Amino acid sequence: MAIKTLRNRIPHLLTAVLLLLGLMTAATTQAQAAPQPLGGSATVCSYSPVPTGWVVTRVVTSSSCTGSGYAYNISDTAGLNSISACSFSTVPTGWVVARSSTTSYCAGATYMFDLTNTAGLSYTTACSFSDIPTGWVTTSTSSPSYCAGAAYLFNIVNTAGLSYTTACPFSTIPTGWVITSTFSTSNCGGNGFGYNIRRA
């Protein structure tokens, strides 16, 4: 009788064990697939790749980095609105250089950049050497007193949600927008005119 009962239970036990193994395997696979974050900041050798979205905030000497003798202090920009970075650091997508100043913290670089995250903003300013995010236009220029090494300071506007605005002639016209007319101005970097643009 006991043997018969055991035989009846074996299939159920096997099913339970297989289900448990399947769940464990799935959990392990998910854990392996999930990216392992470095955290908010880290120190890496100067010849190490810097992860996308991270910036170099300082250069320090390091005996642990044979070959260069330098290490980078790097920070993750995720969730931040602004950060300072060495001028050779890659500026994350959607960020602009709002200010530059001389620095002694970035060995091999003359300038430190103050970066601004344009996400959620309607307008901001950017040094003229900064990349301008897609969908933004330069409406006017001014003296670059805060942008060492720049010809101009750009006043830029996010066209998302707008029907019309103005743009300097060197500004990239967003996809889906058209130029309806020009106007005279002394505020577009010496070009003498600007564009009235409208969403098509």
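This one's a predicted model, so the numbers in the text were calculated from it and none came from an experiment.
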*Interatomic distance, Thr116 atom OG1 to Leu80 atom CG [nearest 0.5 angstrom]*: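 Thr116 atom OG1 to Leu80 atom CG measures 11.5 Å (nearest 0.5 Å).
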*Heavy-atom check, side chain of Val44 versus side chain of Trp54, under 4.5 Å*: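 Of all side-chain heavy-atom pairs linking Trp54 with Val44, none is under 4.5 Å.
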*Sorted by first residue and then second, give each disulfide bond (SG atoms under 2.5 Å apart) pair with at least one member in residues 110-145; sequence neighbours left out.*
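Counting only pairs at least two positions apart or across chains, the disulfide bond (SG atoms under 2.5 Å apart) contacts touching residues 110-145 are Cys127-Cys147.
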Acceptor/donor pairs from residues 171-183 side chains to any protein atom, 3.5 angstrom cut, sequence neighbours excluded:
| residue | atom | partner | partner atom | Å |
| --- | --- | --- | --- | --- |
| Ser171 | OG | Thr138 | N | 3.0 |
| Thr180 | OG1 | Asn196 | O | 3.1 |
| Ser181 | OG | Asn196 | ND2 | 2.8 |

Could you pull out all donor-acceptor pairs under 3.5 Å where a side-chain atom in residues 100-107 meets a protein atom, sequence neighbours excluded?
| residue | atom | partner | partner atom | Å |
| --- | --- | --- | --- | --- |
| Ser100 | OG | Ala148 | N | 2.7 |
| Ser100 | OG | Ala148 | O | 2.9 |
| Thr103 | OG1 | Tyr105 | N | 3.0 |

*Report the hydrophobic cluster partners of Tyr146, with the cluster defined as I, L, V, M, F, W, Y residues connected by side-chain heavy atoms closer than 4.5 angstrom, directly or transitively.*
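Members other than Tyr146 - counting any ILVMFWY side chain reachable under 4.5 Å - there are none.
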*Remaining members of hydrophobic cluster (4.5 Å side-chain criterion), Val60*: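 None, because no other hydrophobic side chain comes under 4.5 Å of this residue.
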*Given the rule that I, L, V, M, F, W and Y join up when any side-chain heavy atoms are under 4.5 Å apart, are Ile83 and Phe113 in one cluster?*
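Hydrophobic grouping puts Ile83 with Phe113.
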*May I have all residue pairs that pass ring-ring contact (aromatic ring centres under 6.0 Å, His included) and include part of residues 76-102, sequence neighbours excluded?*
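Listed by first then second residue: Tyr72-Phe88.
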*For Thr77 and Gly53, indicate whether the former's side chain and the latter's backbone hold a donor-acceptor pair under 3.5 Å.*
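Yes, the answer is positive, given that a donor and an acceptor are paired below the 3.5 Å cut-off.
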*Results of side-chain contact (heavy atoms from CB on, under 4.5 Å) for Thr43 - residues two or more places apart only*: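 So Thr43 forms a side-chain contact (heavy atoms from CB on, under 4.5 Å) with Ala71, Asn73.
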*Got a sec, which residues hit side-chain contact (heavy atoms from CB on, under 4.5 Å) with Ser68, two or more places apart in sequence or on another chain?*
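By the side-chain contact (heavy atoms from CB on, under 4.5 Å) rule, Ser68 matches Ser46, Tyr47, Cys65, Tyr70.
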*With sequence neighbours left out, write down each residue that passes side-chain hydrogen bond (donor to acceptor under 3.5 Å, both in side chains) with Asp114, or none if nothing qualifies.*
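Ser84.
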Expected list for residues 149-169: side-chain donor-acceptor pairs under 3.5 angstrom, two or more places apart:
| residue | atom | partner | partner atom | Å |
| --- | --- | --- | --- | --- |
| Tyr152 | OH | Gly189 | O | 3.3 |
| Asn155 | ND2 | Ser140 | OG | 2.8 |
| Asn158 | OD1 | Ala160 | N | 3.1 |
| Asn158 | ND2 | Leu121 | O | 3.3 |
| Thr159 | OG1 | Gly135 | O | 2.6 |

